[in-house]
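Below: the structure, in structure tokens.
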2 protein chains.
Amino acid sequence: MIRGEAADVPGDGAQKTPDRLRRRASRLLSQLAVRSDRLITDGLARDDARKWHYAVLASLQEYGPASQAELSRRSGIYRSDMVGVLNELAARDLVERSPDPGDRRRNVITISAEGRRRLQRLDEVLDDLHDELLAPLSPAERDHFVQLLTRLLDHHTQPS
Amino acid sequence: MIRGEAADVPGDGAQKTPDRLRRRASRLLSQLAVRSDRLITDGLARDDARKWHYAVLASLQEYGPASQAELSRRSGIYRSDMVGVLNELAARDLVERSPDPGDRRRNVITISAEGRRRLQRLDEVLDDLHDELLAPLSPAERDHFVQLLTRLLDHHTQPS
DNA sequence: CCTATATCGTTAGTCTGACTAACACAACGG
DNA sequence: CCGTTGTGTTAGTCAGACTAACGATATAGG
């Protein structure tokens with residue numbers, strides 16, 4: 001998704017980025033999201049994991065076994081991409097995929113013991129990474145930050 | 001980049017998204033950034049503009065004429081993508097591209113009167129869009145939010 | 001029961017945006 | 001002069017978000 005630093009070439013030299021740009025919340029948001037994403041993706045990669053793994057495992061842990069479509073809804077991963085994610089998880093024995101006897105269209109996905117252990121490990125990894133992400137903020141500020149993000153996100157999530 | 005809503009299928013039904021996921025700042029950040037980006041991109045599209053147009057115009061306005069490479073550094077747009085952006089801007093007569101007499105490798109990019117008018121217009125559009133983006137927050141909260149974002153971004157920008 | 005419609009897992013493919021590589025050319029420093 | 005470095009440009013890679021369509025079921029309504 002993203003690899004390098006800025007726009008080609010070496011260091012920024014002078015910070016000539018226009019103020020108009022630097023102030024806009026949308027730009028701050030997207031820039032920070034990019035860095036955050038890099039941090040998380042790289043951090044998880046060091047543990048041979050990907051964010052989607054975490055999302056699926058967490059969902060299974062919290063709400064129990066589910067069909068792929070259901071997992072897709074919980075995690076925000078597209079049904080079509082779920083296949084691949086589950087293949088990866090199954091290849092690592094973190095998850096089991098078995099046909100649903102009650103509905104033969106479905107597969108029932110179950111988290112394994114290994115999967116639960118893995119989730120725990122990933123939770124620690126993510127804790128550390130978030131510590132790095134939010135390093136400049138005090139605990140109170142971190143809370144506030146999360147709270148602001150949550151309010152904004154809620155507001156922009158289906159106000160239907 | 002992104003078009004639809006969530007992961008396929010209709011409304012979320014129950015909000016079965018695991019708490020672990022919903023609390024993580026990285027996830028809030030990336031989700032919100034996605035919505036924000038959609039908002040901005042769509043809003044600008046209604047005015048036949050794109051974010052890169054704004055970035056370049058703003059940079060020209062604030063720091064004066066520059067080479068393409070220089071603009072690239074200021075705006076964070078890759079040198080290779082700058083070409084296309086400037087083509088679009090030139091096609092709309094918002095910008096003029098002329099060879100630099102002092103350095104024949106360079107093009108000097110200058111903002112036009114039309115371009116200045118356009119920038120002003122885009123600034124208004126963006127003000128409105130940000131108003132929508134930050135709707136749930138009080139003025140003080142908006143400031144605080146921007147300040148938190150800035151601190152975080154600064155911290156993660158070349159701590160070299 | 002029969003038929004229409006919706007859901008499931010899966011495959012394939014599109015589109016966009018970030019990013020790399022390599023080019024011909026010109027400038028610059030020794 | 002020569003090697004190095006910056007410039008504008010073209011081409012292309014890669015990943016992730018997303019759509020379309022498939023055969024297989026299930027489910028609801030008449």
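In what follows, chains carry the letters A, B, and so on, assigned in the order in which the sequence lines appear, proteins first and then strands, with residues in each chain numbered from 1.
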Inset, instruction - Measure the distance from CG on A:Leu86 to P on C:dT10 and round it to the nearest whole Å. - result: 8 Å
Inset, instruction - Would you tell me if any nitrogen or oxygen in the side chain of B:Asn87 comes within less than 4.0 Å of OP1 or OP2 on D:dT9? - result: no
Legend entry - A:Arg97 vs C:dT10: side-chain N/O to OP1/OP2 distance below 4.0 Å: yes
Inset, instruction - Check the distance between C:dA18's C1' and B:Ile77's CD1 and give it to me in whole angstrom. - result: 12 Å
Inset, instruction - Would you give the length of the straight line joining atom NE2 of A:His53 to atom NZ of A:Lys51, rounded to the nearest 0.5 angstrom? - result: 11.0 Å
Legend entry - Short N-O contact, A:Glu141 and B:Arg151, less than 4.0 angstrom: yes
Inset, instruction - In whole angstrom, give the distance that lies between atom CG of B:Asp37 and atom P of C:dC15. - result: 19 Å
Inset, instruction - Consider the side chain of A:Gln68, meaning its heavy atoms from C-beta on, and name the nucleotide among C:dG9, D:dA26, D:dA20 that approaches it most closely. - result: C:dG9
Inset, instruction - Respond yes when some side-chain nitrogen or oxygen of B:Tyr78 is under 4.0 Å from OP1 or OP2 of C:dC19, and no when none is. - result: yes
Legend entry - Between P of C:dC19 and CH2 of B:Trp52, the distance in whole Å: 12 Å
Legend entry - Contact under 4.0 Å: B:Arg106 side-chain N or O vs D:dT7 OP1/OP2: yes
Inset, instruction - Hey, could you give me the OG/CG distance between B:Ser36 and A:Leu152, rounded to the nearest 0.5 Å? - result: 9.5 Å
Inset, instruction - Check whether any side-chain nitrogen or oxygen of A:Arg50 sits under 4.0 Å from OP1 or OP2 of D:dG16, and answer yes or no. - result: yes
Inset, instruction - Figure out the CG/C1' separation between A:Asp42 and D:dA15, and round it to whole Å. - result: 14 Å
Inset, instruction - Nearest-nucleotide wise, let me know which of B:Thr41 and A:Val108 is further upstream toward the 5' end of DNA chain C. - result: A:Val108
Inset, instruction - Please state how far atom CZ in A:Arg79 lies from atom P in D:dG16, giving the value in whole angstrom units. - result: 20 Å
Legend entry - Polar pair under 3.5 Å, donor/acceptor by atom type, side chain B:Arg105, base D:dG8: no
Inset, instruction - Could you pull out the closest heavy-atom pair between B:Arg22 and B:Thr17, with the gap in Å? - result: NH2-O, 3.1 Å
Legend entry - Among D:dA20, D:dT25, C:dA27, the one nearest A:Asp103 by side-chain distance: D:dT25
Legend entry - From B:Val85, B:Leu86, B:Asn87, residue fulfilling side-chain contact (heavy atoms from CB on, under 4.5 Å) relative to B:Val83: B:Asn87
Inset, instruction - Rounded off to whole Å, could you give me the CZ-to-P distance for the B:Arg73 and D:dT5 pair? - result: 15 Å
Legend entry - Nucleotide C:dG17, atom C1' - distance to CD of A:Gln31 in whole Å: 14 Å
Inset, instruction - Indicate whether OP1 or OP2 belonging to C:dT7 is found under 4.0 Å from a side-chain N or O atom of A:Arg104. - result: no
Legend entry - Polar pair under 3.5 Å, donor/acceptor by atom type, side chain B:Asp81, base C:dC19: yes
Inset, instruction - Please figure out whether A:Gly102 or B:Val83 has its closest DNA chain D nucleotide nearer the 5' end. - result: B:Val83
